[in-house]
Amino acid sequence: MSVGASNPEYVNARVRSRRASLFADEDYRKLIRMGPSAIARFMEESEYEREINELGARFSGVDLIEYALNRNLAKHFQDLLDWSEGRLYDLIARYLRKFDVWNVKTIIRGIYTETDSEEIRTDLIMAGELDEATIDRLLEVEEIEDAIEMLNRTIYYDPLREAYEEFEETGALVALENALDREFYEHLLEDVSSGPLNEPQEGPEAKYIEFLQAEIDFRNARNALRLARSGADLDPASYYIEGGLLFDQTELSRLVGDYDALVDHIADNKRYGDRLSGAMGRLRDADSLIQFEHALDAALLEYADTLSSIYPASVSAVLSYILAKEREVENIRAIARGREVGLEESEIEEELVIL
Amino acid sequence: MVLELGPELADVALQAEEASGPTLENEGAAALAVGLAALAAGYAERGIGAAAVGAMAEDDDMFVPGLIMTVLPETLVILALVVVFIV
């Protein structure tokens, strides 16, 4: 926990400026019509100039785009941590831990599949709290258990330890990955919200909590829909993340069995019902879960935008930037990959999250 | 000892007050008003200045707008200065 005054004005001004230089929706339409090398050239003339130039000698085509995107993302998010101070730093760092979770997951998966450590490294996004030295050491270990030992000073140690026993029994990585996810989401609301009854009712803090709850709810909804769709025989309780408002644990376990009831439950919720009505309609008549997940992403993004204009000098603007940047990176990646495998323009467009 | 002297001390203190008049004359109050206004302006500029520096770091063209925005609360002090001429 860092001390001292926070500097939301400074961070906000910088973040809003960067937010403005993200690709617009028209740019995506242009990109859809380009091939991988044209996309790389387009990126070279924008924000991504430095990354493309640095990596251009080593990679080409879609790989170049992908690594440049990852590196640019890491750079921007690391900047956020550099600028911010005090409580603001805590709130941002806490949210950016999702990249730590991603990195640890990737490394564990890499160890599991015995991938070369250099190859794992290219997939990491160095934007979280774990420093390079720790990541380097994690990349060197050969056993998952040693990797967990390596994390013994972080918040992930205890949950991973517990999950490791389950992993040893079943041999499935899901247990470890869930443990990481849950640890991340449950830390998000720590010490801002002390339970559903004594949360702040208004002010920036309340909006921050509202946003995080929305994110947790959407995550739960997504997991529940996936489980219901796939009909996999997994215990929904082990996927449940606490802190959301949409489901409680028993509700979730009951609803996963009944797909229509689950969709109704989400649509009836008064906080999200209206916001997601378009997406719910699509979910009901099409069977594309991907479309719905994109709609959830778009809804979350819009939600973050509204919150950031209600309280201009709060952390909400930073969160909305983080989401928007991630969306940009994912969209460009989807376009590049889509072009590579020769998808139709309309098919690629369906893969994008556009507001 | 001190207790015995208490009433006399109070007498002296009260007389002294009568002799010197009010603690704060009009001019003094006006000066205080300007000072407080300057403090308020400084506080307002703190946030704006931080934001302006942030914007300038991202985009050099923001220098002039940033500068103007930063000194806007300075009008508070100028308005408060009017009080000095009135009293």
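Order of the sequence lines sets the chain letters (A, B, ...), proteins ahead of strands, with each chain counted from 1. What you see is a predicted model; the values in this text were computed from it and never measured. No hydrogens, no waters, no symmetry mates; every other heavy atom, side chains included, goes into these values.
For the residue pair B/A51 and A/A13, the shortest heavy atom distance occurs at O-CB, 3.0 Å.
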Report every donor-acceptor pair between chain A and chain B with a separation under 3.5 Å, backbone and side chains included.
unit_1, atom_1, unit_2, atom_2, d
A/R14, NE, B/E58, OE2, 2.9
A/R14, NH2, B/E58, OE2, 2.9
A/R18, NE, B/E58, OE1, 3.1
A/R18, NE, B/E58, OE2, 3.0
A/R18, NH2, B/E58, OE2, 3.1

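Qualifying side chain to side chain contact (heavy atoms under 4.5 Å, CB included) partners for A/R121, counting only residues two or more places apart in sequence or in other chains: A/E118, A/D136, A/L139. Qualifying salt bridge (Lys or Arg N to Asp or Glu O under 4.0 Å) partners for A/R29, counting only residues two or more places apart in sequence or in other chains: A/E349.
Around CE of B/M69, the count of heavy atoms belonging to other residues, nucleotides or ligands within 6.0 Å does not exceed 12.
Listed by first then second residue, pairs satisfying salt bridge (Lys or Arg N to Asp or Glu O under 4.0 Å) with a partner in residues 308-324 of chain A number zero, not counting sequence neighbours.
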